[in-house]
Every structure is written in structure tokens, then in C-alpha cells.
Amino acid sequence: MATLSYILQNLDSSKPYQSFRAILDDNTYEMLWQWNTRGEFWTCAVGEVGADPIIKYKVTANSDPLEVYGYREDLPQGSLIVFSLYQPRNRVTLESIGQDNLHWLVYISDE
């Protein structure tokens with residue numbers, strides 16, 4: 001049975017570079033978020049704490065980067081998705097992502 005195990009707290013739109021730690025599948029990962037002002041999108045890099053990122057991707061609604069990179073054993077094997085219950089096709093913006101905002105980042109375990 002799949003379980004929801006992580007929701008990203010609100011991103012601070014005044015800080016274009018932020019990092020968080022998340023426990024996914026009993027491993028701690030560092031997630032580095034960076035706002036691209038020219039293209040107006042977030043990128044997220046995921047890796048082990050203190051190490052170089054394993055993956056880096058453009059954050060878009062309803063896409064799962066682990067679906068593409070899930071073959072790697074050093075990544076969580078579930079689904080890491082940004083979604084909105086209210087506007088599922090809406091674009092992720094500087095201020096739209098977070099627990100109290102329009103878009104949520106969730107991790108759903110593969111168990």
C-alpha cells in the first residue's frame with residue numbers, strides 16, 4: 001500500500017535559493033530549490049546530504065522526475081510529484097508552491 005510521506009513546507013519567494021532535507025524511504029536527501037528568474041521556473045536538485053546532487057530537474061505540475069530516474073538505486077523508488085487539487089494544469093510559479101499554497105510537493109512511497 002502506498003503512503004504519503006513528505007510534503008514540502010512553503011517556499012519563501014524572497015529567497016531564490018533554498019535547501020531542505022527530506023526523509024524518503026528511510027534515507028535522508030537534500031533538496032536544493034533554485035528560482036530561474038529569466039525562465040520563471042523552479043529547478044530542484046536531489047542528492048544525499050553533503051554530496052553532489054544525483055538529479056536536477058525543472059519543477060512542473062503533475063510530473064514525476066523519479067519516473068525517469070527511478071532505475072537508480074541511490075534515489076527513492078516512489079513518486080515525487082508537484083500537484084494541485086484545485087487547478088491541476090496550472091503552472092508552478094515563484095509563490096505557488098508549498099503546504100499552504102496552490103501546488104504541493106509530495107512523495108508517495110512505492111511500498
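Looking at every heavy atom in both residues, Phe20 comes nearest to Gln9 through CD2-NE2, 2.8 Å. Taking all atoms of both residues into account, the shortest heavy-atom contact from Gly78 to Asp64 is O-OD2, 4.1 Å. The shortest heavy-atom contact between His103 and Arg91 is CE1-O, 3.3 Å.
Annotation: side chain to side chain donor-acceptor pair (under 3.5 Å) contacts of Gln87 (sequence neighbours excluded): Asn90. Residues passing the salt bridge (charged side-chain N to carboxylate O under 4.0 Å, His left out) test with Asp74 are Arg72, sequence neighbours excluded.
Within 6.0 Å of the CH2 atom in Trp35, the count of heavy atoms belonging to other residues, nucleotides or ligands exceeds 12.
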Worksheet item: What do the steps show when you test Ile7 against Tyr107 for side chain to side chain contact (heavy atoms under 4.5 Å, CB included), and what is the final call?
Response: CA-CA 7 Å; Ile7 298 176; Tyr107 178 73; over 6 Å; no
Worksheet item: Given Phe83 and Leu105, is the side chain to side chain contact (heavy atoms under 4.5 Å, CB included) satisfied, shown in steps?
Response: CA-CA 7 Å; Phe83 75 98; Leu105 172 71; over 6 Å; no
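Taking CG from Leu66 and CG from Leu24, the interatomic distance works out to 8.0 Å, rounded to the nearest 0.5 Å. The CG atom of Asp110 sits 7.0 Å away from atom OG of Ser79, with the distance rounded to the nearest 0.5 Å. The CH2 atom of Trp104 sits 14.0 Å away from atom CD1 of Ile81, with the distance rounded to the nearest 0.5 Å.
Note: the hydrophobic cluster containing Leu94 also contains Leu8 (ILVMFWY, side chain heavy atoms under 4.5 Å, direct or indirect links).
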Let me have the donor-acceptor pairs involving side chains of residues 10-18, under 3.5 Å, with sequence neighbours excluded, atom names and distances please.
residue : atom : partner : partner atom : Å
Asn10   : OD1  : Gln99   : N            : 2.8
Asn10   : OD1  : Asp100  : N            : 2.8
Asn10   : ND2  : Asp100  : OD2          : 3.0
Asp12   : OD1  : Ser14   : N            : 3.0
Asp12   : OD1  : Ser14   : OG           : 2.7
Asp12   : OD2  : Ser14   : OG           : 3.3
Gln18   : OE1  : Asp12   : N            : 3.2
Gln18   : NE2  : Asp12   : O            : 2.8
Gln18   : NE2  : Lys15   : O            : 2.7

Which pairs would a plain distance check flag for residues 41-62, meaning a side-chain donor or acceptor within less than 3.5 Å of a matching protein atom at least two apart in sequence or in another chain?
residue : atom : partner : partner atom : Å
Trp42   : NE1  : Thr93   : O            : 3.2
Thr43   : OG1  : Gln34   : O            : 3.4
Thr60   : OG1  : Ser63   : OG           : 2.6
Asn62   : ND2  : Pro88   : O            : 2.4

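Sequence neighbours left out, not one pair with a member in residues 18-27 passes salt bridge (charged side-chain N to carboxylate O under 4.0 Å, His left out).
Think of Tyr86 as one node in a network of Ile, Leu, Val, Met, Phe, Trp and Tyr side chains linked at under 4.5 Å; its network also takes in Leu102. The hydrophobic cluster of Ile23 has no other members, since no ILVMFWY side-chain heavy atom comes under 4.5 Å of it.
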